[in-house]
Amino acid sequence: MLDAKLLRNDMGAVVEKLARRGFRFDAETFNQLEQQRKDLQVKTEQLQAQRNQSAKAIGKAKAQGEDVQPLLDAVADLGEQLEQAKQAFDQVQHEMDMILASTPNLPHDTTPIGASEDENVEVARWGEPRQFDFEVKDHVALSEARGWYDNEAATKVTSARFSVLKGSMARLQRALTQFMLDTHGFEHGYEEVYVPYIVNQDSLRGTGQLPKFAADLYKIEKHSEHDTSDRDLYLIPTAEVPITNLMRNEIIDEDALPLMYVAHTPCFRSEAGSYGKDVKGLIRQHQFEKVEMVQFVHPDESYAALETLTQHAANILQKLGLPYRMMALCSGDIGFSSAKTYDLEVWLPGQNAYREISSCSNFEDFQSRRMMARFKRGQGKPQLLHTLNGSGLAVGRTLVAVLENYQNADGSITVPEVLRSYMDGIEQI
RNA sequence: GGAGACGUGGCCGAGAGGCUGAAGGCGCUCCCCUGCUAAGGGAGUAUAGGGUUUGUAGCUCUAUCGAGGGUUCGAAUCCCUCCGUCUCCGCCA
């Protein structure tokens, strides 16, 4: 959520920055609402003050045994006036909240300006794609040949875009997960956390998935019909949601910063609107495994933190010996809540292309403001934290990359060295 | 899943329709005192939003006692719904 004060004081800059990401902000409507809000809020609060005063006066008079009736008569219609003012105020406030909740973050000045992913900027490249002296297969051909990947079974059990993995491939995925968690935990200094895979709406609002992207989420209906509360729960689309919301409505001491968490979770995405893309194989699934890093940092540190966080993700690829490139996403391609995002794209021989395997973002205070996630120094005023997160990495896609990059002519797969200790020392599967 | 008890500030804990944004204690911050430590004295110590303002200063208003509704001139206090915690029973990994 953007800072409402910024909208009041510097609307021009907001509109310009949002335009960079192709978002048209209706300043005129907002300004009109803001004017109404101001009037209605002042009016409502004046009436409330008046009510409070007279209630006190009545209390005092009663205590002294005076006749209270004249005082009661004097405030007879105050309640109704207040009710009306309050309703009008709530209505305007609600409209403004809806606008703010649906407005994306401002791109940072270092985010390249562009309309679509075609204008993302490559900022680094690591590793040389391997030269094969045989015809490369993609991960689907490789894994099906070995009986490791059973798409039909998944379709039978659930539906399209789910997977059943078997044998060495299932084990390799688990090895990758362990390797990533251990690397981030032991080498990069993250605290490992285990979190729920089902979250409530407040959490999804906090990180920005709601209200705008409900269609991409799997929703679990509330249990009973006479439950009048706002109780619908959702499967997590990423561990970002439960981890980042750990700090919702919290004020932590500045000395505790930065907080760095890593977790492994499955992720569930209904991916509305992705029909026809990557229909084959593990690239785009409704359920996939991911190791996620989240950082809560001092506002002054967040851009340095974005660089190191991205490096932590890249380090996994380097240890696995997987060639990749690092892209700075342009203003038209960054996510709703992000101010700046780097994507890491891994080389997939089967597709002869680099494909996204990690996305690392700085949200600045956009999520913190929604969540009221703050820190303070000593007795000082609480300030909003900056939040960051990044995949470290998308495990399913890493599995694809390992299969394709480490394939041998006979269809076997060489196990990358760093994974062997997680595979009972096996060198080849 | 059943039955009961309970949710108050950083923590403990009073309050049971009006002068309570909330006693008291602990903790914390600052000042004084003390040769150091300990002890003692004093002051302060929630969050958000609004108005005023060049201002994150000051002044002032509003809201918040698990959440949301209701009753009332007035609600931490009464009523309803929900959420959560604890104890006992059942069930289960």
Side-chain angles (χ1 to χ4, degrees), chain A residues 1-10 30-31 33-97 100-101 194 196-206 220-234 245-256 298-300 365 368-385:
Chain A
M1 193 145 66
L2 298 179
D3 186 357
K5 281 190 186 124
L6 189 66
L7 286 162
R8 280 173 218 152
N9 299 333
D10 202 359
F30 189 86
N31 286 335
L33 285 167
E34 167 60 15
Q35 190 53 52
Q36 289 178 40
R37 186 227 103 227
K38 195 166 163 173
D39 294 345
L40 287 166
Q41 184 164 356
V42 169
K43 187 176 167 193
T44 304
E45 290 185 355
Q46 276 173 352
L47 287 168
Q48 283 171 329
Q50 202 178 324
R51 178 202 62 193
N52 292 345
Q53 268 186 335
S54 46
K56 264 181 193 174
I58 291 169
K60 256 180 200 158
K62 221 172 182 177
Q64 291 168 7
E66 293 170 16
D67 179 17
V68 184
Q69 197 54 46
L71 287 169
L72 287 179
D73 292 342
V75 294
D77 65 334
L78 193 62
E80 189 159 339
Q81 279 183 54
L82 212 169
E83 184 64 26
Q84 278 178 10
K86 183 115 179 40
Q87 256 178 32
F89 173 60
D90 286 347
Q91 164 80 26
V92 168
Q93 189 73 56
H94 178 72
E95 277 179 51
M96 292 180 80
D97 285 348
L100 281 174
Y194 170 81
Y197 303 159
I198 295 176
V199 293
N200 59 33
Q201 300 188 40
D202 285 341
S203 292
L204 288 158
R205 270 191 284 268
I220 299 167
E221 299 292 334
K222 55 187 160 196
H223 305 339
S224 65
E225 283 163 30
H226 41 265
D227 185 343
T228 55
S229 65
D230 207 16
R231 279 276 291 162
D232 291 331
L233 301 174
Y234 296 78
N245 276 281
L246 292 174
M247 283 300 123
R248 176 149 51 85
N249 294 328
E250 298 290 337
I251 301 173
I252 61 160
D253 200 279
E254 185 179 6
D255 294 341
H298 189 285
D300 296 344
D365 61 13
S368 301
R369 185 170 294 106
R370 291 173 162 234
M371 292 193 302
M372 293 301 278
R374 294 166 294 171
F375 71 95
K376 69 175 176 183
R377 187 197 338 246
Q379 305 286 98
K381 279 267 171 230
Q383 290 181 60
L384 293 170
L385 288 161

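Below, chains carry the letters A, B, ... as their sequence lines are ordered, and counting in each starts from 1.
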Chemist: May I ask which nucleotide in the shown strands pairs with rG35(B), Watson-Crick or G-U wobble, both distances under 3.5 Å?
Modeler: none
Chemist: To the nearest 0.5 Å, tell me how far Leu40(A) CG sits from Gln84(A) CD.
Modeler: 11.5 Å
Chemist: For nucleotides 54-60 of chain B, which of its nitrogen or oxygen atoms have a protein nitrogen or oxygen under 3.5 Å away, and what is each distance?
Modeler:
none

Chemist: Is rU45(B) paired to anything, Watson-Crick or G-U wobble with both distances less than 3.5 Å, and if yes, which nucleotide?
Modeler: rG27(B)
Chemist: Between Glu83(A) and Lys86(A), does any NZ, NE, NH1 or NH2 come within less than 4.0 Å of an OD or OE carboxylate oxygen?
Modeler: no
Chemist: With both distances kept under 3.5 Å, what pairs with rG55(B), Watson-Crick or G-U wobble?
Modeler: none
Chemist: Rounded to the nearest 0.5 Å, what separates atom CD in Glu45(A) from atom CG in Leu82(A)?
Modeler: 10.5 Å
Chemist: Could you let me know what rU81(B) is paired to, Watson-Crick or G-U wobble, both distances under 3.5 Å, or none if it's on its own?
Modeler: rA67(B)
Chemist: Distance from Met1(A) atom CE to Met371(A) atom CE, nearest 0.5 Å?
Modeler: 11.5 Å
Chemist: Need the pair for rG90(B). Rule: Watson-Crick or G-U wobble, both distances under 3.5 Å, any strand; none if unpaired.
Modeler: none
Chemist: I need the NZ-P distance between Lys376(A) and rA48(B), as an integer number of Å.
Modeler: 9 Å
Chemist: Does either side chain, that of Glu95(A) or that of Gln91(A), offer a donor lying less than 3.5 Å from an acceptor on the other one?
Modeler: yes
Chemist: Using OP1 and OP2 only, check whether a side-chain N or O of Arg8(A) sits under 4.0 Å from rG49(B).
Modeler: no
Chemist: If I take atom CG from residue Asp97(A) and atom CD from residue Gln93(A), how far apart are they, to the nearest 0.5 angstrom?
Modeler: 5.0 Å
Chemist: Would you kindly give the CG-to-P distance between Asp39(A) and rC61(B), to the nearest whole Å?
Modeler: 21 Å
Chemist: Does any nucleotide pair with rA14(B) by Watson-Crick or G-U wobble geometry, both distances under 3.5 Å, and what is it?
Modeler: none
Chemist: Indicate, with a heavy-atom threshold strictly under 4.0 Å, whether Lys62(A) touches base, sugar-phosphate, or nothing.
Modeler: base
Chemist: Give the C-alpha distance, both sets of side-chain angles, the deciding distance and a yes or no for side-chain contact (heavy atoms from CB on, under 4.5 Å) between Gln201(A) and Leu204(A).
Modeler: CA-CA 5 Å; Gln201(A) 300 188 40; Leu204(A) 288 158; 5.6 Å; no
Chemist: Respond yes when some side-chain nitrogen or oxygen of Asn249(A) is under 4.0 Å from OP1 or OP2 of rA48(B), and no when none is.
Modeler: no
Chemist: Counting Watson-Crick and G-U wobble pairs only, both distances under 3.5 Å, name the nucleotide matched with rG9(B), or none.
Modeler: none
Chemist: Report the distance from atom CD of Gln48(A) to atom P of rG49(B), rounded to the nearest whole Å.
Modeler: 17 Å
